[in-house]
Amino acid sequence: MRLLVVEDEKKLNEMVARSLRKAGYEVDCCYDGNSASEHISAEKCDLIVLDLNLPGTDGMELLRSLRSRDRNTKVLILSARSEVTDKVEGLDAGANDYLAKPFHLDELEARVRSLVRRNFTQEDVLLTCGALSFDMKSRETLADGQPVALTRKEAGILEYLLLHRGRPVSQEELIEHVWDGSVDSFSNSIRVHISSLRKKLRAGLGYDPVRNRIGEGYLIGGPEE
Amino acid sequence: MKEFSFQWRITLLTALLIAASCIILNLLLFHSGSYYLESMGEYVVDFSDSSFLDDIGEDMVFVELTQEQFDEFQSNFSQELNDTKTGFWQRGWVLTTIVTALSGVIAYFVSGRSLRPLRKFSAQAEQVRMENLTEARLDEDTIPEFRALSRSINQMLERLSKAFEAQRQFTGNAAHELRTPLALMQARLDLHEKECPTSSPETADTIALLREQTEHLSHLVKILLNMSELETIARTDRIELSPMIEEVLTDLTPLAEKNSVTLKQTGEALDLTGSDVLLYRVLFNLVENAIKYNRTGGSVTISAQEEDGYAVIRVCDTGPGIPEKHMENIFQPFYRVDKSRSRALGGVGLGLSLVWEIVRLHEGTVCIEESSEAGTTIVVTLPQNPQEDQF
């Protein structure tokens, strides 16, 4: 697994690289937009940790040119700019995830892990997180070994969150992937299902495994706050 | 005359002026009228002594009276003159009154009409609020007296909005500049912990303190940035309120259980237009505060109802209440009722001021409805369909 860290603040870049190497990834570093752009076209990498404020080619520009020819390389934006606009713009331009500075290295690692996790093989159908498990084939949920009865939509949400554990998933993303984009005009129609799912899991596990990060999304697993 | 409106002042002054001129005119007229009447009377009285019909011209009216008739005429004539004079006097006053009253009424309407630019002017000035400070300007195409005034008000507005903008930008920029060093500090601390897990207790202590404070700073910077960016967030989501409240309560159940506080939701289902994320933040912060500053075994009730196009949300807790002298200030940034306590609870002192800012952006209001030792009720009123077209 090969990662590229593009960040102009040298010390931060080194620390991020060091911690990712520790986690078992091969990491290359670039300190400005132009060298990053060269690096991307010369070598293949699986994931790019990208800062938006870069000398030379701007981060957003870099992302757009990458996306015009490559849809597979994952991109995680690391930004210190305006949170709201940058996030929306970045995700629209094809970034897979967004993390605002300052961040915890654990959090970054969890996000990276979530993004580069290999697609599950046919036999690997059991998703687990602590005492919670979900069988993708039989669509059964077990909490502490006891079955939990979920509706079809609740199970869909749980499956998606477990598949992307460690990374907050926004309501929009859930609607797109679990609902096939077909919901009414209310911004929060998915809310009822999430609340009910969380109550059921809480009843089974004794705690709520789903966390809601306001403005970011729902999260299972990942480092504790 | 302080309490009279401008229009009434003009009316009263006009009426007074007209009344005064009428009275003077009346007195002068009466004076000269009675003089002429009297001289006519004297003439008749004088004439009765001299020889009758001496020199009457050809075109004069000739009245022939017998001596008896003439005597009667003579005796009645002065009486008649007196009556005429009295009539003249009285009618003069009646006319004066009528003319004054009439002109007063006319003055009222005319002044109302000519004061229209002033009314328009003040209506425009009333439109200026915190929310539209950047766009709101008074119409400079008005009557000359107001042109200079609206120009200077506009200039003042511009300066004011620039000052506000500068302050907001400064907060945003400062918070922004703090992010990279903070990211560096945080990454360094994280890395240190991973690479040197076995350090001496003193070092571990120092690291723990640094971590805690960096965390605190990061949190603060994040909220400051959020606050400086509020205006750029679209407020066009259709929101169902009760699922939102339910989710807030779901989010806060662990905290409530830790503090032994029970959460309740009541009220009717209703929807409104606004920013989903921001309004969620409002409810979250209010309920979180209500849990944190509650007593053990207390409760928090959040209710929502519709009142003439407004969503009215009440958050009631059973905490110790907010002392009256703090009530006005609790929505101010960094204001704390009990400094040591809220720091111990992990707050940065911006939760309620963020609530206030968001509610203001949604053209709503937030205030403490009541607060006593039995608990506090905070009420948020939001228009269900704000008028302004946003984005």
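Throughout, protein chains are lettered first and strands after them, A, B, ... in sequence-line order, and every chain is numbered starting at 1.
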Less than 4.5 Å to any heavy atom of chain A: does that hold for the side chain of B:E257, its backbone, both, or neither? side chain
Give the member of B:E195, B:E177, B:K194 that has the highest number of heavy-atom pairs under 4.5 Å with chain A. B:E195
Go through the side-chain N and O atoms of A:N212 and B:Y280 and say whether any donor and acceptor fall under 3.5 Å apart. yes
For the pair A:E173 and A:R167, find out whether any cationic side-chain nitrogen is under 4.0 Å from an anionic carboxylate oxygen. yes
Could you tell me which of B:T214, B:L191, B:T180 has the largest number of non-hydrogen atom pairs under 4.5 Å with chain A? B:L191
Report yes if some heavy atom in the side chain of A:L20 is under 4.5 Å from a heavy atom in the side chain of A:E109; otherwise report no. yes
With a 4.5 angstrom heavy-atom cut-off, is it the side chain or the backbone of A:L108 that approaches chain B, or both, or neither? neither
With A:E154 as partner, the option from A:V148, A:L197, A:V178 fulfilling side-chain contact (heavy atoms from CB on, under 4.5 Å) is A:L197
Tell me, side chain or backbone of A:E7 under 4.5 Å from chain B's heavy atoms, or both, or neither? neither
Do you know which of A:H104, A:E9, A:K11, A:R202 has the most heavy-atom pairs with chain B at a distance under 4.5 angstrom? A:H104
Where do B:Q265 and B:S242 land on the side-chain hydrogen bond (donor to acceptor under 3.5 Å, both in side chains) test, with the steps shown first? CA-CA 8 Å; B:Q265 179 181 3; B:S242 60; 4.8 Å; no
